[in-house]
Enquirer: 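For reference, the structure I am asking about is given below.
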Amino acid sequence: MARFELKLPKMGESVAEATITNWLKEVGDKIEMDEAVLEIATDKVDSEVPSEVSGTLIEKLFGKDDLVQVGQTIAIIETEGGTVDAPKVEVVAQEVAEVQKTVDVAKEMVTAPADFSKSDKFFSPLVKNIAKEEGVSVTELENISGSGKDGRVTKEDLLNYIKNRGSQSAVQVSIAPQQSITPVQKSTQAVPVSVNGGDEIIEMDRMRKLISGYMVASVQTSAHVQSFIEVDVTNIVKWRDKVKVAFEKREGEKLTFTPIMMEAVAKALKDFPGMNISVDGDYIIKKKNINLGMAAALPNGNLIVPVIKNADQLNLVGMAKAVNDLGNRAKTGKLKPDDTQGGTYTVTNVGTFGSVFGTPIINQPQVGILALGAIRKVPAVIETPEGDFIGIRQKMFLSHSYDHRVVDGALGGSFVKRVADYLEAFDVNRDF
């Protein structure tokens, strides 16, 4: 007999941990190679952890709802034959490297010169110089009780703090993997809810709790503004009706309206790179790649946003394959953590549920999101050289929400107008 350590596998560059949501096997159960042993969840995606060997589960090292780091052993499987344990030397070397990396980062943070420009408090030049010379951080300085006017920190206050600092416990430096910036939410008192005997109380599932937090944080972070524009997509409807059968026969993929819309959005983002940005404090980060998030509804009613990477480099066939692949894997719970990372702009199709338009909430740390409304037959004025007349056209609304902290009306409106222009100029005779 041999013991095999089942570890939490690496799930992407930006994923460092996962929560165990369900054990599919119990101690004593037989397990086949590649058979799922447990279900896990990151902050975006649920997935399964398969076994790399065949054997019997003899020990579970974590329970349901426990948080596990990538690379940690989560279960022991007993196998027939020789040892299959992973080499310890490689694991130890990796852990040593990680510890050394953490120490190096800590040293940089401790020895880095204090940046007083990021503090809202006033400190005299003398106090700043003493703080720099003695290695007192901005955070420490802000927490010193000042005896000067309006509570300002004086030279004596700082010297007394430095004198007594040696007897205090060392300042702890918290180092975490780089992640999306999440604003600090202000604590608010919940409004009491009256419950009577006929009401049913249902706890939110894990994903709904996460979505709730994301939505509230986004509204608190970004100054949401909306622009709306109506688009004539008659040519697109005619073209799709004409080619959809041949498209599916040749490519083995169904042709929906979504990839056509995504293609137009990707083109517009190239024209207006100011929409393909994110905000980090007082800094704007221009994104090199155009990665389109595609909001998708899940069977349980929740929402997830898989990402089409480098969307501007895809032709219509490639876009259709990407849209269908991500959509299908979202519905079947087969998305990988990396499939939801790195988005720079998001598109959501509210028309799927019959909505004419909507006011979507920005997917942080992005600065814009576009809602596609339902396509409807409407009477419209058609201009011709012979005069105007009323005709039946296929039209839809585009609803653009953008962050007014960094995107003004001119840019937000021009961007959505450019998307509309691309859609209305669609060549009904084009090939796919």
Side-chain angles (χ1 to χ4, degrees), residues 229-271 289-299 304-336 339 343 345-357 370-380 382 384 391-398 416-432:
I229 192 166
E230 191 175 26
V231 189
D232 189 329
V233 291
T234 305
N235 284 347
I236 293 175
V237 174
K238 287 181 178 179
W239 181 81
R240 177 179 172 271
D241 288 341
K242 181 177 66 174
V243 306
K244 63 182 180 181
V245 174
F247 185 93
E248 185 173 2
K249 184 177 180 180
R250 192 184 86 176
E251 302 297 335
E253 300 279 351
K254 289 186 178 298
L255 179 62
T256 65
F257 289 111
T258 301
I260 302 173
M261 307 296 173
M262 293 295 226
E263 182 185 53
V265 172
K267 289 180 179 178
L269 286 172
K270 289 192 74 171
D271 296 340
N289 299 327
I290 295 177
N291 299 334
L292 288 184
M294 181 185 73
L298 299 176
I304 198 166
V305 186
V307 177
I308 302 172
K309 306 292 174 62
N310 298 308
D312 57 312
Q313 299 178 18
L314 298 176
N315 59 18
L316 187 58
V317 174
M319 189 73 78
K321 289 181 182 293
V323 167
N324 292 345
D325 172 59
L326 291 174
N328 291 334
R329 288 198 285 125
K331 292 176 183 176
T332 56
K334 300 297 183 183
L335 288 175
K336 300 175 182 177
D339 291 329
Y345 188 88
T346 297
V347 178
T348 179
N349 190 353
V350 299
T352 301
F353 312 104
S355 296
V356 178
F357 55 80
L370 185 70
L372 309 174
I375 297 176
R376 303 167 301 135
K377 287 183 179 181
V378 296
I382 301 174
T384 71
I392 303 299
R393 306 294 290 178
Q394 301 271 7
K395 290 199 173 187
M396 66 182 294
F397 281 99
L398 302 178
V416 71
K417 178 63 167 59
R418 183 61 54 86
V419 176
D421 291 341
Y422 279 128
L423 294 175
E424 290 190 340
F426 190 89
D427 184 4
V428 73
N429 296 313
R430 70 176 281 184
D431 191 12
F432 54 81

Enquirer: Mind checking the CG-OG1 spacing from Asn324 to Thr256? Nearest 0.5 Å is all I need.
Expert: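 Going from the CG atom of Asn324 to the OG1 atom of Thr256 covers 6.0 Å.
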Enquirer: Under the rule for salt bridge (Lys or Arg N to Asp or Glu O under 4.0 Å), what residues qualify as partners of Glu248, not counting sequence neighbours?
Expert: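 Once residues adjacent in sequence are excluded, the partners of Glu248 under the salt bridge (Lys or Arg N to Asp or Glu O under 4.0 Å) criterion are Lys254.
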Enquirer: Under the salt bridge (charged side-chain N to carboxylate O under 4.0 Å, His left out) rule, what pairs show up with a residue in residues 307-316, not counting sequence neighbours?
Expert: none
Enquirer: A side-chain contact here means heavy atoms from C-beta on lying under 4.5 Å apart; do Asn291 and Ile308 qualify?
Expert: no
Enquirer: Should Trp239 and Asp427 count as side-chain neighbours, where that means a heavy-atom distance under 4.5 Å?
Expert: no
Enquirer: Distance from Ile229 atom CD1 to Arg418 atom CZ, nearest 0.5 Å?
Expert: 11.5 Å
Enquirer: How far does NZ of Lys331 sit from CG of Leu298, to the nearest 0.5 angstrom?
Expert: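 With rounding to 0.5 Å, NZ (Lys331) is 10.0 Å from CG (Leu298).
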Enquirer: So Phe397 and Arg376, do their side chains get closer than 4.5 Å, heavy atoms only?
Expert: yes
Enquirer: Atom CG of Asn328 and atom CG of Leu335: how far apart are they, to the nearest 0.5 Å?
Expert: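 Spacing of CG (Asn328) from CG (Leu335) equals 10.0 Å.
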Enquirer: Using a 4.5 Å cut-off on heavy atoms from C-beta on, say whether the side chain of Glu263 contacts that of Leu292.
Expert: no
Enquirer: Should we say atom CZ of Phe357 is surrounded by more than 12 heavy atoms from elsewhere, each under 6.0 Å from it?
Expert: no
Enquirer: For Asp325, enumerate each residue passing the side chain to side chain contact (heavy atoms under 4.5 Å, CB included) test, keeping only those at least two apart in sequence or located in another chain.
Expert: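 For Asp325, the residues satisfying side chain to side chain contact (heavy atoms under 4.5 Å, CB included) (neighbours in sequence not counted) are Arg329.
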Enquirer: List the steps, then state whether side-chain contact (heavy atoms from CB on, under 4.5 Å) holds for Lys336 with Asp339.
Expert: CA-CA 5 Å; Lys336 300 175 182 177; Asp339 291 329; 3.6 Å; yes
Enquirer: In chain order, what residues pass the salt bridge (Lys or Arg N to Asp or Glu O under 4.0 Å) check against Lys321, with sequence neighbours excluded?
Expert: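 Here the qualifying residues are Glu251.
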Enquirer: Output, in order, the C-alpha distance, side-chain angles, deciding distance and verdict of side-chain contact (heavy atoms from CB on, under 4.5 Å) for Val233 and Phe257.
Expert: CA-CA 10 Å; Val233 291; Phe257 289 111; over 6 Å; no
Enquirer: In sequence, state the C-alpha distance, the side-chain angles, and the governing distance for Leu370 and Thr348, and then conclude on side-chain contact (heavy atoms from CB on, under 4.5 Å).
Expert: CA-CA 6 Å; Leu370 185 70; Thr348 179; over 6 Å; no
Enquirer: Any idea which heavy atoms bring Ala297 and Phe353 closest together, and the distance?
Expert: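 Result for this residue pair: CB-CZ, 3.9 Å.
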Enquirer: Enumerate the residue pairs fulfilling side chain to side chain donor-acceptor pair (under 3.5 Å) with a member in residues 229-238, sequence neighbours excluded, ordered by first and then second residue.
Expert: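 Qualifying pairs, neighbours excluded: Asp232-Thr234, Asp232-Arg393, Thr234-Arg393.
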Enquirer: With rounding to the nearest 0.5 angstrom, report the CZ to CG distance, Phe432 to Leu255.
Expert: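 Separation between the atoms: 8.5 Å.
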Enquirer: Over all heavy atoms of both residues, which pair between Thr346 and Val305 is shortest? Give the atoms and the distance, please.
Expert: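 Of all heavy-atom pairs spanning Thr346 and Val305, the closest is CG2-CG1, 4.0 Å.
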Enquirer: With rounding to the nearest 0.5 angstrom, report the CD1 to CE distance, Ile290 to Met262.
Expert: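 The CE atom of Met262 is 12.5 Å from CD1 of Ile290, to the nearest 0.5 Å.
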Enquirer: Who are the salt bridge (Lys or Arg N to Asp or Glu O under 4.0 Å) partners of Lys417, not counting sequence neighbours?
Expert: Asp421
Enquirer: Step by step, would you call Ile392 with Val378 a side-chain contact (heavy atoms from CB on, under 4.5 Å)?
Expert: CA-CA 6 Å; Ile392 303 299; Val378 296; over 6 Å; no
